[in-house]
Amino acid sequence: ESGDPGQLEPVRQGLAAVQDEGSQLIARAVCETPLEGEDTGRWLDLCAGPGGKAALMGALARIDSAHVDAVEVSPHRAALIEKTVSDLPVDVHVADGRNPGVGEGFDRVLVDAPCSGLGALRRRPEARWRKSEADIAELNQLQFELLSSALNLVRPGGVVIYSTCSPDLRETRGIVDRAVRELGAEELDAHALIPDMGDVGHEKSVQMWPHRHGTDAMFFAVLRRAAD
């Protein structure tokens, strides 16, 4: 109930890591969403830094004989991913997720998009004083471009999980609804991919809350690229 989890022996040995439950549920959902057609084991984390979700996806990929490509635009954050996934079937690429150059035809893609981070105020309360309305507008453009890229990179019948650590509707439903409307993506029911946590919203997507679920205010939606 108290203390520094970083001092636990399994964490010190690299056998375990500390991660918010919401982040774990999202990474697991990427790997467990039903596909149309065969899962060939080509998985992609398009905005992977600093590497927590990529590591969990890599651990599950090792069980399923799959492989994860992890894309990160920042060399510093890419180095953090390399350290985190050193013994897992994960290849790290320093590239822009909007044009990563890693090929196409992935079965599963995670877009954990850069966002305002307002869902993590319980851990970073100072962030509320560092954000402005202009930041949101700029992020919205980037978020949609990354999701558009993911839907091009995933194979027909494959799935894209779009997530943010934000409860702001402009960064969550606004981006997903636009993708369905403009890109022809099909939204699937994400509620079936998590345990019964109580009220996570009435849309097909999932919105977690600190006061309800003990997690950061994480959002995720599941989109499928229509089969040809």
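As the structure is a prediction and not an experimental result, all values here were calculated from the model.
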| request: Using the salt bridge (Lys or Arg N to Asp or Glu O under 4.0 Å) rule, collect all pairs that involve residues 53-64, keeping only residues at least two apart or in two chains. | output: K53-D112
| query | Taking atom types as modelled, is there a side-chain donor on T164 or E171 under 3.5 Å from an acceptor on the other? | reply | no
| query | Are S205 and F220 side-chain neighbours, meaning at least one heavy-atom pair lies under 4.5 Å? | reply | no
| request: Considering only Ile, Leu, Val, Met, Phe, Trp and Tyr, and joining two whenever side-chain heavy atoms are under 4.5 Å apart, list the other residues clustered with L139. | output: none
| Minimum heavy-atom distance between P75 and V94, given as atom pair plus value | CG-CG1, 4.1 Å
| said: If I take atom CE from residue M218 and atom OG from residue S23, how far apart are they, to the nearest 0.5 angstrom? | reply: 4.0 Å
| message | Please find the pair of heavy atoms, one from V90 and one from A70, that lie closest to each other, and give the distance. | response | CG1-CB, 3.9 Å
| note | Residues M208 and H213: closest non-hydrogen pair is CA-ND1, 3.5 Å
| request: Rounded to the nearest 0.5 Å, what's the gap from CE on M197 to CD on E21? Could you check? | output: 5.5 Å
| query | What closest approach, in Å, do S116 and S166 show between heavy atoms, and which atom pair accounts for it? | reply | OG-OG, 3.5 Å
| message | To the closest 0.5 Å, what do you measure between CG (L56) and CG (L25)? | response | 9.5 Å
| task | Indicate the atoms forming the closest heavy-atom contact of G119 with P167, along with that distance. | result | N-CD, 3.8 Å
| note | Of D45, T33, D39, the one forming a side chain to side chain donor-acceptor pair (under 3.5 Å) with R108 is D39
| Is there side-chain contact between H93 and E72, with at least one heavy-atom pair below 4.5 Å? | no
| Looking only at heavy atoms, what is the nearest atom pair of A54 and A48, with distance? | CB-CB, 4.3 Å
| query | Thinking salt bridges, do E187 and R173 make one under a 4.0 Å N-O criterion? | reply | yes
| Under 4.5 Å between any side-chain heavy atoms of I26 and Q24, yes or no? | no
| request: Could you grab the distance from atom CD of E138 to atom CD of Q143, nearest 0.5 Å is fine? | output: 10.5 Å
| message | Can you confirm whether more than 12 heavy atoms, excluding those of Q13, are under 6.0 Å from its CD atom? | response | yes
| field | same_hphob_cluster(L118, W209) at 4.5 Å side-chain heavy-atom cutoff | value | no
| task | Take L188 and R224 through the test side-chain contact (heavy atoms from CB on, under 4.5 Å) and record every step on the way to the result. | result | CA-CA 7 Å; L188 307 179; R224 174 182 288 150; 3.7 Å; yes
| message | Measuring from atom OG1 of T172 to atom CG of L169, what distance do you get when rounded to the nearest 0.5 angstrom? | response | 4.5 Å
| Measuring from Q19:CD to D216:CG, what's the distance to the nearest 0.5 Å? | 10.5 Å
| message | For R155, is there an ion pair with E104 - N to carboxylate O distance below 4.0 angstrom? | response | no
| said: Can you tell me if H211 has over 12 outside heavy atoms packed within less than 6.0 Å of its NE2? | reply: yes
| field | Donor-acceptor pair between D20 and T215 side chains, under 3.5 angstrom | value | no
| request: Carefully, step by step, assess S163 and L110 under the rule side-chain contact (heavy atoms from CB on, under 4.5 Å). | output: CA-CA 8 Å; S163 68; L110 170 62; 3.9 Å; yes
| Mind checking who shares a hydrophobic cluster with Y162, ILVMFWY linked at side-chain heavy-atom distances under 4.5 Å? | L44, L46, V71, V102, F106, V109, V111, L142, F144, L146, L147, L151, L153, V154, V160, I175, V176, V180, L183, F219, L223
| query | Heavy atoms, side chains only, cut-off 4.5 Å: are K204 and H191 in contact? | reply | no
| field | Flag, side chain of D107 to backbone of R42, donor-acceptor distance under 3.5 Å | value | yes
